[in-house]
Amino acid sequence: STRHLAVTATTAAHAATVLRKYQYFSLNARNAAELDKELSRRGPMLAKTGARHPGMTRMRFDSKVRFGSNGKSCQVVDADIVVRATVHLPRWKQRRTAKRDLALVWDTLSADIKRHEESHIVIAHTAAGDMERRIKALPWRSDCVKMKADIDALTAKLLKKHDADQVRFD
């Protein structure tokens with residue numbers, strides 16, 4: 001029983017991979033009003049809304065699916081999904097010299113922005129793990145052309161669901 005739990009935990013830990021990269025944009029401000037203005041002016045622009053935001057995460061799903069034929073039918077051998085995430089976060093230049101109360105407000109805001117962006121990555125990681133499991137569970141097909149078409153259709157459907165989950169979270 002303990003052995004089974006260890007195998008299950010190990011399998012779950014290896015489901016999907018997330019690679020993170022952080023990029024920072026600088027804010028130059030002496031007070032709260034200037035900080036707010038700088039976030040609105042320098043924050044990354046989201047293509048979907050055309051508006052600037054205090055933080056942003058760009059993600060790409062890279063998939064490597066191996067399938068093969070035994071001459072009579074085709075099956076998925078393995079599926080690995082890698083989520084490549086670039087997180088854009090603000091960095092306030094005057095943080096070290098700021099008044100204590102403003103520094104505390106900034107620290108809280110900055111942590112909230114980072115936590116929000118990390119949550120987007122958690123959603124993507126969950127989606128990638130689900131994608132791996134669902135692709136691996138596809139039943140045998142009569143040939144690999146049909147298998148590839150089914151993998152492509154399933155991937156498109158799951159990426160569409162992932163995009164909706166991300167929008168719903170925002």
Side-chain angles (χ1 to χ4, degrees), residues 9-66 78-136 148-170:
T10 301
T11 302
H14 288 85
T17 302
V18 174
L19 302 175
R20 287 176 181 80
K21 181 169 70 171
Y22 294 91
Q23 292 184 349
Y24 295 89
F25 58 95
S26 295
L27 306 178
N28 190 9
R30 293 179 308 252
N31 56 48
E34 287 180 7
L35 268 173
D36 189 47
K37 184 178 177 182
E38 282 283 281
L39 279 170
S40 297
R41 190 169 71 93
R42 296 183 181 265
M45 187 175 296
L46 294 184
K48 289 182 182 179
T49 65
R52 294 197 177 269
H53 291 265
M56 176 180 67
T57 302
R58 292 187 196 274
M59 286 178 271
R60 185 178 83 218
F61 285 70
D62 291 336
S63 62
K64 183 177 181 182
V65 179
R66 291 180 297 285
D78 199 14
D80 295 306
I81 309 295
V82 176
V83 178
R84 296 180 188 280
T86 302
V87 182
H88 299 265
L89 297 170
R91 180 175 284 152
W92 181 27
K93 288 181 179 181
Q94 290 79 15
R95 164 60 184 85
R96 286 187 217 132
T97 59
K99 291 183 181 176
R100 186 178 174 141
D101 59 339
L102 184 55
L104 180 60
V105 168
W106 171 256
D107 292 345
T108 302
L109 176 62
S110 180
D112 285 348
I113 294 167
K114 185 173 184 182
R115 188 172 21 259
H116 178 87
E117 297 310 319
E118 291 291 334
S119 294
H120 281 294
I121 295 173
V122 169
I123 292 167
H125 184 238
T126 300
D130 184 46
M131 194 177 297
E132 282 182 353
R133 283 186 297 281
R134 304 245 332 245
I135 290 171
K136 289 175 184 177
K148 181 170 180 349
D150 287 349
I151 291 168
D152 291 347
L154 178 60
T155 300
K157 174 184 164 185
L158 294 175
L159 284 174
K160 187 175 179 180
K161 179 187 179 306
H162 165 258
D163 289 347
D165 290 345
Q166 293 287 5
V167 169
R168 196 169 22 262
F169 173 72
D170 270 338

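Nothing here was measured: the structure is a model prediction, and the numbers come from that model.
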**Request:** Let me know which of Lys93, Gln94, Glu38 forms a side-chain hydrogen bond (donor to acceptor under 3.5 Å, both in side chains) with Asn28.
**Result:**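 With Asn28 as partner, Lys93, Gln94, Glu38 yield a single side-chain hydrogen bond (donor to acceptor under 3.5 Å, both in side chains), made by Gln94.
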
**Positive for side-chain hydrogen bond (donor to acceptor under 3.5 Å, both in side chains) with Thr57, one of Glu117, Arg20, His88** =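 Between Thr57 and the candidates, side-chain hydrogen bond (donor to acceptor under 3.5 Å, both in side chains) is satisfied uniquely by Glu117.
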
[atom1]/[X] to [atom2]/[Y] distance, rounded to the nearest 0.5 angstrom?
| X | Y | atom1 | atom2 | value |
| --- | --- | --- | --- | --- |
| Thr126 | Ile121 | OG1 | CD1 | 12.0 Å |
| Leu46 | Arg52 | CG | CZ | 10.0 Å |
| Arg133 | Asp130 | CZ | CG | 5.5 Å |
| Ile151 | Ser63 | CD1 | OG | 9.0 Å |
| Thr155 | Ile81 | OG1 | CD1 | 6.5 Å |
| Arg42 | Arg91 | CZ | CZ | 14.0 Å |

Closest approach of [X] to [Y] (non-hydrogen atoms, all atoms of both residues):
| X | Y | result |
| --- | --- | --- |
| Pro44 | Gly55 | CG-C, 4.0 Å |
| Leu89 | Val87 | CG-CG1, 3.7 Å |
| Ala85 | Met59 | CB-CG, 3.9 Å |

**Message:** So for atom NZ, which belongs to Lys136, do other residues, nucleotides or ligands contribute more than 12 heavy atoms lying within a distance under 6.0 Å?
**Reply:** yes

**Request:** Please indicate whether Arg66 has more than 12 foreign heavy atoms, meaning atoms of other residues, nucleotides or ligands, lying under 6.0 Å from its CZ.
**Result:** yes

**Asked** If you look only at pairs with a residue in residues 102-113, which of them pass as a salt bridge (charged side-chain N to carboxylate O under 4.0 Å, His left out), with sequence neighbours excluded?
**Response**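 Residue pairs passing salt bridge (charged side-chain N to carboxylate O under 4.0 Å, His left out), neighbours aside: Arg95-Asp107, Asp112-Arg115.
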
So do the side chains of [X] and [Y] get within less than 4.5 Å of each other, counting heavy atoms only?
| X | Y | answer |
| --- | --- | --- |
| Leu109 | Trp92 | no |
| Leu102 | Leu35 | yes |
| Lys114 | Tyr22 | yes |
| Arg60 | Val83 | no |

**Item:** Electrostatic pair Lys64:Asp80 at N-O distance under 4.0 angstrom
**Value:**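 So Lys64 does not pair with Asp80 through a salt bridge.
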
Residues 162-170 side chain polar contacts: donor-acceptor under 3.5 Å, at least two apart:
| unit_1 | atom_1 | unit_2 | atom_2 | d |
| --- | --- | --- | --- | --- |
| His162 | NE2 | Gln166 | NE2 | 2.9 |
| Asp165 | OD1 | Arg168 | NH2 | 2.4 |
| Asp165 | OD2 | Lys161 | NZ | 2.9 |
| Gln166 | OE1 | His120 | ND1 | 2.4 |
| Gln166 | NE2 | His120 | O | 2.9 |
| Asp170 | OD1 | His116 | NE2 | 2.8 |
| Asp170 | OD1 | His120 | NE2 | 3.0 |

